[in-house]
Amino acid sequence: HGSIPAKLILSETVTIMFSLPTFRVVCFTGCSFGGRFYSLEDTWHPDLGEPFGVMHCVQCHCEPQKNRRGKVFGKVNCKNIKQDCPDPDCDEPILLPGHCCKTCPKGNHPVGLNSPSDDLHKSYNDRSYLSSEDMGPGESRTDFVTVLTGMTDSWLPSSGGVARARFSLTRTSLAFSITYQRMSRPGKIVFLDSDGNTAFEYRVPKGQSDMICGVWKNLAKPLMRQLQSEQMRIRMTTLTNRREEVEGKIIKHRALFAETFSSTLTSKEENSGMGGIAMLTLSDTENNLHFILILQEPVLVPIRVHLVYRQHILREILANITSHDPDFAEVLTDLNSRELFWLSRGQLEIAVATEGQDPRQISGFITGRKSCDTIQSVMSSGDALTPGKTGGVGSAIFNLHDNGTLDYQVQVAGLTSDMVGLTIELKPKRRNKRSVLYDLMPEYNKATGRAVGSWSRLEARHIHMLLQNELFINVATAHSQDGELRGQIKALLYSGLEAPRHELPTPLAGHFVSPLVRTGASGHAWVSVDKNCHLHYEIVVAGLSKTDDLTVNAHLQGLAEIGEIDDTSTAHKQLLTGFYGSQAQGVLKDISHELLQHLDQGTAFIQVSTKLNPRGEIRGWVHVPNNCKLGTNGDVEEAEFDDFFVTDPEELKKDPHMCFFENQHHAHGSRWTPNYDTCFSCSCQKRTVICDPVICPTLTCSQTIQPEDKCCPICDERKESKDMKALERVEENPEGCYFEGDQKMHAPGTTWHPFVPPFGYIKCAVCTCKGSTGEVHCEKVTCPVLTCSHPVRRNPSDCCKECPEEDKTPVGLEHSDMMQADGPRHCKFGKNYYQNSDNWHPWVPLVGEMKCITCWCDHGVTKCQRKQCPMLTCSNITRREGSCCPECIGEQLIQNKNGGSC
C-alpha cells in the first residue's frame with residue numbers, strides 16, 4: 001500500500017506477510033512480498049514504501065519449504081543484520097545514506113581503493129551505484145547477451161550467419177530480442193541446459209523483420225541457476241537449411257547496462273563461422289566512445305581494430321586477445337564533430353582483423369542499440385516542472401531507425417487551455433531553465449490532438465541519452481507556459497503479450513471520468529483480443545502521488561450505451577489486476593461475452609481507481625474490433641456461457657488446478673450447483689471446492705410463499721388486483737435476468753445476495769432483477785446508526801451489527817460502533833487499533849519504534865509521514881544515532897556560531 005504493510009507477523013525470525021488487493025493470482029514457486037515476487041533462495045532488503053523506505057538493516061530471504069504432500073513453496077524470513085556489521089578501522093566512522101553499517105570517511109580509506117580509474121570502471125560496468133529507491137519495477141532484472149555463430153565442429157560446412165541475442169530476466173520470465181545477419185529468417189530457437197538437452201523451444205512467427213521477439217515464461221529454479229551461472233546455450237536454426245544453424249553461450253556482461261550503440265560483426269567470406277559483437281557507449285560528459293568486443297571463442301591472436309567510414313580508416317588500435325579473456329575493451333577518445341555525425345547516422349563501421357599467415361576480418365556498422373522494448377512516455381500534470389492536478393494526459397511512442405531518425409506519435413487530451421508548445425527536452429539544470437532539443441509543435445494537429453512526424457537530426461549524444469532514459473517530453477499551454485504536462489521518455493520492457501505497441505495506446509485521464517477528476521495522474525494502455533478471445537493488456541501510469549495512494553486497481557468496464565457513465569449501467573465489470581508501482585500487464589481469459597461486445601462496439605473503457613477515487617481516478621475509452629460474439633438469443637447465450645469452462649476431459653484431468661467433485665472434473669474458476677443440494681453454489685479455486693449455502697434476503701412484503709423449484713421464499717402477490725398483475729406480465733421480461741456471479745437465471749422481481757467466488761455470498765449487497773428490462777441492479781446495504789455502546793453482530797455472515805436487547809439505551813453518537821459501514825472507521829496498524837484522528841509512532845518488527853515517522857488515522861485510512869529535514873548545503877554529511885535528520889560534519893560549529901544551522 002502507500003503507507004504500511006497490512007499485516008506483520010512477529011516471531012524470533014520475522015515473517016512479513018502482505019495482504020494485497022490482487023484478485024487474479026499467478027501460480028509460481030517462490031515468495032510474494034510487498035507486491036513483488038522473489039524466487040527461492042533470493043535475498044533482498046524490504047521496501048515498506050513511503051514514508052518508511054528501504055530497511056537497509058533488515059535482510060529478507062525466500063526460504064524453500066515443503067508441505068505434507070512434498071510440494072515446495074517459499075517462506076519469507078527476515079532478520080536484523082546490524083549486529084553483523086564489522087568494526088570500522090577509524091576513530092570517527094560515519095553512516096552513509098542507504099547503508100546499514102558505519103564506514104570510515106573517504107579520507108581514511110586505504111590508498112587506491114577509490115582511484116579515478118575504479119570510479120570510471122564502476123560507473124560504466126555495473127549498476128551498484130544506483131540505490132534501490134531509484135530503481136523502478138522494470139529495473140529489477142538481470143541482463144544477458146549471446147553471440148551466435150556457425151558451429152565449427154560439425155561435419156557440415158559452417159554457417160556464415162551471425163546473430164546477437166539480448167536477454168532480460170525478470171522474476172521468472174526471460175524476455176529476448178534477437179537480430180541476425182547473413183542468414184535466412186530462423187524458424188526455431190532452442191535453449192539448451194548444461195547437459196545439452198532442450199530446456200525450452202520457441203517457434204519463430206513468420207515475418208519480414210530482422211528482429212525476433214519472445215518470452216520464456218515460468219523458468220524453473222534449477223534452470224534459472226544454470227542461467228545465472230552461465231551454463232546455458234541457445235541454438236537458432238532455419239526451417240529449410242541445416243547449414244544455417246548458429247549457436248552461442250548465454251553470458252552476463254557488465255557492459256549491457258551502459259550500452260547505447262551496438263554492432264554485429266560478420267565476415268564477407270562464405271561459411272567462415274566467424275562473428276562477434278561490439279557494445280558501445282558514450283561518456284557522460286566527454287565525446288569518448290567506450291566499446292567492448294565479444295568474439296566467438298578466439299585463440300591467442302593479435303588483432304587490429306579499425307574505426308572506418310566509407311572504407312577510410314579513421315582510428316586504429318592494436319591488441320592481443322585469448323580464449324581465456326575473449327573480451328577486448330578500449331576507449332576512442334575525443335571524437336570530432338564529423339565522427340559523431342557519422343556515428344548518429346549509422347555510417348561508422350567497426351572492423352576487427354587478425355594478423356599472421358591467414359588474416360581474416362569481420363566488420364559491422366554501428367547503430368543505436370536494437371531491442372524489442374518500446375520507447376514511450378506518459379505525460380502527466382503531476383510530473384510537470386510545476387506539479388499540478390489538471391486531469392489532462394499526454395501519451396507518446398517512438399521508433400529509432402538505424403540512420404538516427406526518430407519517428408514519433410504523440411496525443412494529448414484534457415488540457416486547461418490551448419497548447420502552445422510540444423518539445424523534447426533535457427532534464428533542466430535549474431528549476432525554471434528548460435533545455436529544449438526539438439520542437440514537435442509544427443506537426444501538431446489541433447483537431448485530432450495528435451502530432452505525428454520524424455526527427456531526422458538526432459545527434460549521437462541525443463541517441464545515447466534517449467536510450468539511457470534521460471530525455472523528456474513537455475506540453476506547454478497558454479495558462480502554463482513552462483509546461484502543463486511532462487513525462488520521461490523511457491523503454492518499456494517487452495512482455496510477450498499481443499498488445500499492439502506500434503500503435504498509439506489508449507490515453508487514461510481524469511478528464512474522461514464523469515464527473516471530471518482533477519488529478520495529477522495519467523496513463524495509457526494497450527489492449528487487444530486474440531483469436532482465442534483472450535484479452536491482452538498493458539497499462540502504464542504516471543503522476544500518482546506516493547503520499548496519496550499507491551494501491552491501484554485497473555478495471556475494464558463495459559457500458560450499456562455510449563456515453564452513459566452512471567453506475568447503474570455498468571453491470572459488466574471485470575477486475576484486470578491490482579498493481580503496485582507504474583505498470584500492470586496480463587491476459588484476461590474469463591472475459592464475458594457482453595464485455596467483448598462492448599469492446600467491439602467501442603463502448604468499453606479501462607479505468608484506474610485508487611483509495612482517494614474509488615469510482616475512478618483516470619479512465620480511457622477502448623475500441624477493439626473482434627469476432628467473439630456468442631449469439632444474441634438468451635437461451636443460446638446461457639448455454640454457451642455455461643460451457644465456457646468446459647474443455648476436453650482428458651486435458652482437464654491434466655490441469656493441476658482442477659477440482660474433482662461428485663465424480664466430475666471442474667476447471668479452476670468454474671461455478672456450478674451441486675447435485676446434493678440445489679440451494680448451494682460451489683466454485684473451484686485451485687483444487688479446492690468451496691460450497692456456500694444460498695443466503696436469502698429479507699423480504700418486506702406481508703405474506704410470502706415458497707416455490708418448489710426455488711431456494712428462497714418470494715412475496716405472495718395473489719391478493720393483488722388482476723389488473724395490476726396483467727400490467728406486470730406485459731412489462732416483465734419473461735426470461736428474467738442472468739447474473740454473472742452465480743451464473744444463474746433469476747425470475748423478474750426477485751432479490752438475492754450476490755455470490756462472489758471465492759468469498760461466497762455477500763450479505764452487504766442486495767441484487768434485484770428488473771422485470772421490465774431484464775437488468776440486474778445491485779445496491780450496498782446501508783447500516784443504521786446505532787445508539788448503543790457495545791453493538792454485536794448476531795451471525796458471522798450478517799452485514800450490520802445490532803444493539804443487544806439489554807443495551808438499547810440512547811448514548812451519544814460519538815460512542816457508536818466504529819465498525820459500522822456508515823460511521824467513522826477506525827484504523828488497524830499491525831496488531832493495534834486506533835480511533836479516528838489518533839496519531840502514533842509506528843513500530844516495525846526487527847527495527848523497533850520509528851520515531852522519525854508519525855502515523856495518524858484518517859477515517860479508516862492509516863497515513864504516515866516522515867519528519868521533514870532541512871536542506872543541507874555542506875559537503876560532509878553524517879547522521880547521529882537516534883537523530884532523524886542528517887547533519888553537517890565540521891562546518892556545524894562554524895554555522896552555529898553565526899546563528900545558522902545545517
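All residue numbers refer to positions in the sequence shown, counting from 1.
- Taking each heavy atom of Ser522 and Val378 in turn, the nearest pair found is OG-CG1, 3.6 Å.
- A heavy-atom distance below 4.5 Å is found between the side chains of Leu535 and Leu599.
- Checking side-chain atoms of Ser177 against main-chain N and O of Cys372 turns up a donor-acceptor pair under 3.5 Å.
- With sequence neighbours excluded, the residues satisfying salt bridge (Lys or Arg N to Asp or Glu O under 4.0 Å) with Arg164 are Glu259.
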Would you check, one step at a time, whether the test side-chain contact (heavy atoms from CB on, under 4.5 Å) holds for Trp44 with Cys62?
-> CA-CA 9 Å; Trp44 68 94; Cys62 181; 4.0 Å; yes
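- When the side-chain hydrogen bond (donor to acceptor under 3.5 Å, both in side chains) test is applied to Gln409, no partner is found at least two apart in sequence or on another chain.
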Decide yes or no on side-chain contact (heavy atoms from CB on, under 4.5 Å) for Cys78 and Val76, but give the supporting numbers first.
-> CA-CA 7 Å; Cys78 301; Val76 177; 3.8 Å; yes
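- Residues Ile606 and Val527 come closest through the heavy atom pair CD1-CG2, 3.4 Å.
- Checking side-chain atoms of Asn399 against main-chain N and O of Ile397 turns up no donor-acceptor pair under 3.5 Å.
- With sequence neighbours left out, Arg501 forms a salt bridge (Lys or Arg N to Asp or Glu O under 4.0 Å) with Glu538.
- For His666, the ring pair (Phe, Tyr, Trp, His ring centres under 6.0 Å) test picks out Trp672, with sequence neighbours left out.
- The two atoms that bring Arg619 and Phe605 nearest to each other are NE-CE1, 3.0 Å, heavy atoms only.
- Counting only heavy atoms from C-beta outward, the side chains of Ile618 and Val393 never approach each other to under 4.5 Å.
- Of all non-hydrogen atoms in Leu497 and Val587, the two that sit nearest each other are CD2-CG2, 3.4 Å.
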Given the rule in the side-chain contact (heavy atoms from CB on, under 4.5 Å) test, do Ser609 and Glu617 qualify, once you have shown the distances and angles that lead to the verdict?
-> CA-CA 5 Å; Ser609 57; Glu617 181 150 340; 5.9 Å; no
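- In this structure the side chain of Lys252 reaches within 4.5 angstrom of the side chain of Gln228, judged on heavy atoms.
- For His623, the side chain to side chain contact (heavy atoms under 4.5 Å, CB included) partners at least two apart in sequence or on another chain are Pro625.
- Put simply, CG on Leu148 and NZ on Lys249 are 13.5 Å apart, with the number rounded to the nearest 0.5 Å.
- Closest of all the heavy-atom pairs between Val147 and Gly276 is CG1-CA, 3.8 Å.
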Derivation and outcome, ring pair (Phe, Tyr, Trp, His ring centres under 6.0 Å), residues Tyr202 and Phe176 = CA-CA 11 Å; Tyr202 177 78; Phe176 50 88; 5.3 Å; yes
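- Between the side chain of Asp193 and the backbone N or O of Asp195 there is at least one donor-acceptor pair closer than 3.5 Å.
- Gln65 has its side chain out of reach of Val72: every pair of non-hydrogen atoms, C-beta onward, lies at least 4.5 Å apart.
- With hydrogens and angles disregarded, no donor-acceptor distance shorter than 3.5 Å links the side chain of Asp600 to the backbone of Cys628.
- A distance-only check finds no donor-acceptor pair linking the side chain of Ser582 to the backbone of Val540 [under 3.5 Å].
- Under the ring pair (Phe, Tyr, Trp, His ring centres under 6.0 Å) criterion, Phe200 pairs with Phe191, Trp216, not counting sequence neighbours.
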Please walk me through it: do Gln411 and His524 pass side chain to side chain donor-acceptor pair (under 3.5 Å)?
-> CA-CA 11 Å; Gln411 58 184 339; His524 60 207; 6.0 Å; no
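- Glu63 and Asn77 form a side-chain donor-acceptor contact under 3.5 Å, judged by distance and modelled atom types alone.
- With no hydrogens or angles considered, no side-chain donor-acceptor pair links His536 and Gln585 at under 3.5 Å.
- A heavy-atom distance below 4.5 Å is not found between the side chains of Thr238 and Arg185.
- Applying the salt bridge (Lys or Arg N to Asp or Glu O under 4.0 Å) test to Glu230 and every residue at least two apart in sequence or in another chain returns nothing.
- In this structure Gln231 satisfies the side-chain hydrogen bond (donor to acceptor under 3.5 Å, both in side chains) test together with Ser229, sequence neighbours excluded.
- Between the side chain of Asn469 and the backbone N or O of Ala491, at least one donor-acceptor pair lies under 3.5 Å.
- Using a 4.5 Å heavy-atom threshold, the side chains of Ile292 and Ile277 count as separate.
- Here the side chains of Gln376 and Trp526 are in contact, with some heavy-atom distance below 4.5 Å.
- In this structure, the separation between NE2 on His665 and CZ on Phe660 is 5.0 Å, given to the nearest 0.5 Å.
- Note: Asp143 CG to His253 NE2 = 12.5 Å, rounded to the nearest 0.5 Å.
- Remark: side-chain polar atoms of Ser377 are paired, donor with acceptor, to backbone N or O of Gln488 under 3.5 angstrom.
- Once rounded to the nearest 0.5 Å, the distance linking CD1 of Ile489 with CG of Leu406 reads 7.5 Å.
- Not counting sequence neighbours, the partners of Asp402 by the side-chain hydrogen bond (donor to acceptor under 3.5 Å, both in side chains) test are Lys370.
- Within the model, atoms CG of Leu219 and CE of Met232 stand 7.0 Å from one another, a figure rounded to the nearest 0.5 Å.
- For Lys221, the salt bridge (Lys or Arg N to Asp or Glu O under 4.0 Å) partners are Asp42, not counting sequence neighbours.
- For the atom pair CD1 of Ile250 and OG1 of Thr146, the computed distance is 4.5 Å after rounding to the nearest 0.5 Å.
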What's the verdict on side-chain contact (heavy atoms from CB on, under 4.5 Å) for Val162 and Arg182, showing C-alpha distance, side-chain angles and the deciding distance?
-> CA-CA 7 Å; Val162 179; Arg182 298 183 63 81; over 6 Å; no
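- Annotation: side chain of Phe167 is in contact with side chain of Ile234 (closest heavy-atom distance under 4.5 Å).
- By the side chain to side chain contact (heavy atoms under 4.5 Å, CB included) test, Pro186 pairs with Tyr180, Met183, Ile212, Met236, sequence neighbours left out.
- Residue Leu508 comes nearest to Ala525 through the heavy atom pair CD1-CB, 4.3 Å, listed as atom of the first residue, atom of the second, then distance.
- In this structure, His45 contributes its side chain and Val58 its backbone to a donor-acceptor pair below 3.5 Å.
- Among residues two or more places apart in sequence or in another chain, the side-chain hydrogen bond (donor to acceptor under 3.5 Å, both in side chains) test is passed with Ser262 by none.
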